[in-house]
Amino acid sequence: MKKKIITLLLFILAMIMCFPIVFLLSGSIMGAAEIKEYLGPVLNDGSGYVTWSVLPKYATLRSYVELLLDTPKFFVMFWNSVGMTVSILIGQLVVSVTAAWGFARYEFPYKKLLFTLYIVLMLMPFQVTMLSTYLVLDKIKLINTAMSIVLPAVFSTFPVFIMYRFFISIPESIIECARLDGASEFKIFIKIGIPLGKPGIMSAMILGFLEYWNLIEQPLTFLKDKSLWPLSLYLPSIGLESADVAFAASAVTLITAIIVFFAGQSHLEQGIAATAVKE
């Protein structure tokens, strides 16, 4: 009986957590008139209370058609997001994987101090480093370019922290056997380190995608030209008269992230579990 009550409570909590998504998806297939009817007190500064229906009275895909076929601005921002996110993740594969391997498998002076510094930097929010980052990017003439978003993210310390946990878990005996067989350090890294550390690499990439796909503060700070803005800044630029398109745009953005999340869910779970284990 106790187990059933706990299961019921968890189910209710899950439904409450999922309601915003249901709200979003149902709104994306509603007509503009129906949305304004429900959200009129908010959108039109009217009186009364907001109401909502999980199922639309007259389902329509008109908002999706308008968004995907008649809104060039959406496509520009969508591909801006794709370009930035892919560039960041490729850069992190090169920088973070090698840095994490170095911290995990080699001894060098001030190693613990440097790794502690990495963790401290990881804990700092963007607002703390915003001014210094802006000054550096302005000095090297990268403000108002896509590289002002890509370059700082490539050297993020968070993926190093996740990958480090997987690399350090590789038994030293395997590394020593490879060295005795004459394998070079580079070959050990390629043939042993990357395959055994793949779950950590994949989890870092998935978390990175979810983070950089939804960037807001960095583009607003570093990008003055709106033609360079990513998709995450598309919604604030939509007027209240286009609420149906806003719902459709939010759904497309969300579905993209959900597909990536479920594609790498198993790796992501391993990565979260690894970061919770103390050395």
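Of all heavy-atom pairs spanning Pro56 and Met30, the tightest one is CB-CG, 3.5 Å. The two residues Ala99 and Tyr118 have their closest heavy-atom pair at CB-OH, 4.3 Å. Nearest heavy-atom pair across Phe158 and Met122 is CD1-SD, 3.4 Å. Across every non-hydrogen atom of Phe75 and Leu68, the tightest pair is CE1-O, 2.6 Å. The minimum heavy-atom distance between Ile188 and Ala178, with the atom names listed, is CG1-CB, 3.9 Å. The shortest heavy-atom contact between Gly31 and Thr60 is N-CG2, 3.7 Å.
The ring pair (Phe, Tyr, Trp, His ring centres under 6.0 Å) check on Phe209 picks up Trp213, with sequence neighbours excluded. Taking Ser96 as the reference, Gln92, Pro159, Val160, Met163 meet the side chain to side chain contact (heavy atoms under 4.5 Å, CB included) condition, with sequence neighbours excluded. Applying the side-chain hydrogen bond (donor to acceptor under 3.5 Å, both in side chains) test to Ser26 and every residue at least two apart in sequence or in another chain returns Trp52. Taking Thr133 as the reference, Thr129, Leu137, Pro152, Phe222 meet the side chain to side chain contact (heavy atoms under 4.5 Å, CB included) condition, with sequence neighbours excluded. With sequence neighbours excluded, the residues that form a side chain to side chain contact (heavy atoms under 4.5 Å, CB included) with Glu217 are Phe126, Gln127.
Residues Ile21 and Phe19 share a hydrophobic cluster, clusters being chains of Ile/Leu/Val/Met/Phe/Trp/Tyr side chains in contact below 4.5 Å. The hydrophobic clustering, which links ILVMFWY residues whose side-chain heavy atoms are closer than 4.5 Å, places Ile140 and Phe155 together. Taking hydrophobic clusters as Ile, Leu, Val, Met, Phe, Trp and Tyr residues chained together by side-chain heavy-atom distances below 4.5 Å, Val94 does not share a cluster with Tyr106. Residue Leu215 is not grouped with residue Leu121 when hydrophobic side chains (ILVMFWY) are merged at heavy-atom distances under 4.5 angstrom, including chains of intermediate members. Residues Ile258 and Leu24 share a single hydrophobic cluster, defined by chaining ILVMFWY side chains whose heavy atoms lie under 4.5 Å apart.
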Report task. I would like to know whether Ile170 and Trp101 meet side chain to side chain contact (heavy atoms under 4.5 Å, CB included); could you show each step before the answer? Result -> CA-CA 11 Å; Ile170 300 174; Trp101 179 257; 3.9 Å; yes

Report task. Evaluate ring-ring contact (aromatic ring centres under 6.0 Å, His included) for Phe74 paired with Tyr234, printing each intermediate quantity in order. Result -> CA-CA 7 Å; Phe74 173 83; Tyr234 178 68; 5.6 Å; yes

Query raised in the report: Given Ile16 and Ile12, is the side chain to side chain contact (heavy atoms under 4.5 Å, CB included) satisfied, shown in steps?
Result: CA-CA 6 Å; Ile16 294 173; Ile12 294 173; 4.1 Å; yes

Requested in this report: Evaluate side chain to side chain contact (heavy atoms under 4.5 Å, CB included) for Val97 paired with Phe189, printing each intermediate quantity in order.
Outcome: CA-CA 10 Å; Val97 174; Phe189 171 60; 3.5 Å; yes

Requested in this report: Kindly indicate, with the supporting measurements, whether the criterion side chain to side chain contact (heavy atoms under 4.5 Å, CB included) is fulfilled by Leu228 and Thr145.
Outcome: CA-CA 7 Å; Leu228 298 174; Thr145 68; 5.5 Å; no

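In this structure, the side chains of Leu223 and Ser148 come closer than 4.5 Å at one or more pairs of heavy atoms. For the pair Ile216 and Leu233, the minimum side-chain heavy-atom distance is below 4.5 Å. Inter-residue side-chain proximity for Arg165 and Phe161 is flagged as met; some heavy-atom pair is nearer than 4.5 Å. Between Ile90 and Val86, some side-chain heavy-atom pair lies under the 4.5 Å cut-off. Annotation: side chain of Leu8 is not in contact with side chain of Lys4 (no heavy-atom distance under 4.5 Å).
To the nearest 0.5 Å, the span separating CD1 on Ile29 from CZ on Phe247 amounts to 11.5 Å. Ser156 contributes atom OG, which lies 10.5 Å from atom CG of Leu207 (distance to the nearest 0.5 angstrom). Here the CZ-OG1 distance, from Phe186 to Thr98, works out to 10.5 Å after rounding to the nearest 0.5 Å. Expressed to the nearest 0.5 Å, how far CD1 of Ile194 lies from CZ of Phe167 amounts to 6.5 Å. Here OG1 of Thr71 is found 12.0 Å from CE of Met77. Values are rounded to the nearest 0.5 Å. Rounded to the nearest 0.5 Å, atoms CD1 (Ile259) and CG (Leu254) are 10.0 Å apart.
In this pair, Tyr164 and Phe115 present their aromatic rings tilted. The plane angle is within the 30 to 60° band. Under the 30°/60° scheme for interplanar angles, the aromatic rings of Phe108 and Phe103 are found to be tilted.
The main-chain N or O of Ala251 is never found under 3.5 Å from a side-chain atom of Ser28 such that the two would form a donor-acceptor pair. Put simply, the side chain of Asn144 gets close to the backbone of Asp225: a donor and an acceptor are under 3.5 Å apart. When atom types are taken as modelled, the side chain of Asp138 and the backbone of Ile143 share no donor-acceptor pair closer than 3.5 angstrom.
Surrounding NZ of Lys111 are more than 12 heavy atoms belonging to other residues, nucleotides or ligands, all under 6.0 Å away. Tyr58 OH: 12 or fewer foreign heavy atoms inside a 6.0 Å radius.
Counting only residues at least two apart or on different chains, the salt bridge (Lys or Arg N to Asp or Glu O under 4.0 Å) pairs with a member in residues 169-179 are Arg105-Glu172, Glu172-Arg179, Glu176-Arg179, Arg179-Glu185.
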